[in-house]
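Structure, as structure tokens:
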Amino acid sequence: MHVALTGATGFLGLRLLRRLLATHRSVTVLAHAGSGNALHRITRFFELTGSPEACLDRLPGRLRVVETDLALPRLGLSARTFQRLADGLGEIWHSAGSINLEGDLPELRRTNVEGTRHVLELAAAGRGAPLIRHVSTAFVAGGRRTGVAYEDELNAPDGFENAYERSKYEAEQLVHGWSREHGRPALVLRPGILVTDRPPHPELPSHPLQVVERILRDALGPTGSGDRLRVRTVGHPHGRLNLLQVEHAADVMVRLAGLPPSGGVDTYHVVHDRDVPVPTVVELLERLVPLSIDLVSAKPDDPSALEALLDFYPGMTAYLAHRRRFDDTRVRTRLGPSAASAPVGLDYLWSGLAPRGGALPRSPGVPPAPLPSARYA
């Protein structure tokens, strides 16, 4: 069974690719046209993450790179090339997509919704009826902040925290419609927030917490005095976030894909069984940037310039108020104890954000500074 993978140069996609190469002789990488040398980026990831020389030498012969454009019909390929590609596949992994939490809906739909539509068209065109493995997100559960989100649910009565969630929700709806229309099985995998303890490297893709750190540093700008600034943001002291090691997520996903399909859409929450408390995430952010973060129940009536600026990034702070849990009964039932992951704590998260060898600094332990003035806007 020959397998194709979209998003192979992304944070999760690179780990999926490594895991797929452990079970498949070769993989077709559907790379975004004009995004650079995909084979070089993949090879550098394998080098930087310790793959042996023998593995690196074999990579060019095991990977076929096809440049595509997910936003276009037939993936931007000619009719003949598209059909030949479709007929040669037995399995299609769709991991590509925009994770821009601050993106606008039309832009995100072009990538996440239309991209999914065109990958499904590829699967429908294949004479061998290739299997679909669609990487979604647990956050299709939308704006519901309490209770339990179940794997068989696809509804969002409370709306969405941001356009990203909505776009991934709409993409999942396409998968369900495609499965009904063609009478074909599909696998939907919903990961939580994926993280790593591998130190940042300029040649490796960023993970979500690195993006949050960058947003905070950009918002702070040059503070001059180096004072620790106080900022209020909506959050809950008993809130929790589902953070999962990306390597474990890729392993679980590929193992789930090896199970016999039910015939319809099989959906799994690929999540950690122990959430990370919001205060732990706050402490991590306070050690990364010179801020003292106060969790409040509602947006302040008198926001400082910095607080107003951070409010432009609703996708970043909305999850600090979440207390819901993602049910993963199906995963645990099918994979057993091996579905469980090692704990994710403050030290682990710091390792994935600090330069190599950087020790976790002590908690700031300083009284909050006065609220910043407009000069920090």
message = Measuring from atom NE2 of H322 to atom CZ of R144, what distance do you get when rounded to the nearest 0.5 angstrom?
response = 10.5 Å

request  = Show the numbers, then the answer: is there a side chain to side chain donor-acceptor pair (under 3.5 Å) between S98 and N100?
outcome  = CA-CA 6 Å; S98 171; N100 182 8; 5.1 Å; no

Can [X] and [Y] be counted as an ion pair, charged N to O under 4.0 angstrom?
| X | Y | value |
| --- | --- | --- |
| R117 | E121 | no |
| E172 | R190 | yes |
| R325 | D275 | no |
| E161 | R145 | yes |
| D251 | R19 | yes |
| D218 | R214 | no |

task = Could you walk me through whether D266 and R334 pass salt bridge (Lys or Arg N to Asp or Glu O under 4.0 Å), step by step?
result = CA-CA 12 Å; D266 295 321; R334 284 156 176 77; over 6 Å; no

ask   = With respect to S167, which candidate in T116, T137, N162, N112 satisfies the side chain to side chain donor-acceptor pair (under 3.5 Å) definition?
value = N112

Is there a path of hydrophobic side-chain contacts, each under 4.5 Å between heavy atoms, that joins [X] and [Y]?
| X | Y | value |
| --- | --- | --- |
| V281 | V234 | no |
| V135 | L244 | yes |
| L30 | V3 | no |
| V27 | L70 | no |
| L256 | V265 | no |

ask   = What are the two closest heavy atoms between H176 and L154, and how far apart are they?
value =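 Between these two residues, the closest heavy atoms are CD2-CD2, 3.8 Å.
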
ask   = Where do E307 and P300 come nearest, in terms of heavy atoms and distance?
value =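 That closest heavy-atom pairing would be OE1-CG, 4.3 Å.
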
query = What class does the angle between the rings of F11 and H207 fall in, given that below 30° is parallel, 30 to 60° is tilted and above 60° is perpendicular?
reply = tilted

inquiry  = The test is salt bridge (Lys or Arg N to Asp or Glu O under 4.0 Å); show your working for R109 and E170 and say whether it passes.
reply    = CA-CA 8 Å; R109 278 178 171 153; E170 292 177 1; 2.7 Å; yes

message = Out of the candidates L194, V254, T196, only one should pair with R15 under the side-chain contact (heavy atoms from CB on, under 4.5 Å) rule; please name it.
response = T196

query = With distance as the sole criterion, is a donor-acceptor pair present between the side chains of S292 and R230 under 3.5 Å?
reply = no

Under 3.5 Å side-chain donor-acceptor pair for R18 and T49 = yes

query = If only atom types and distance count, is the side chain of H118 paired as donor or acceptor with the main-chain N or O of L72 below 3.5 Å?
reply = yes

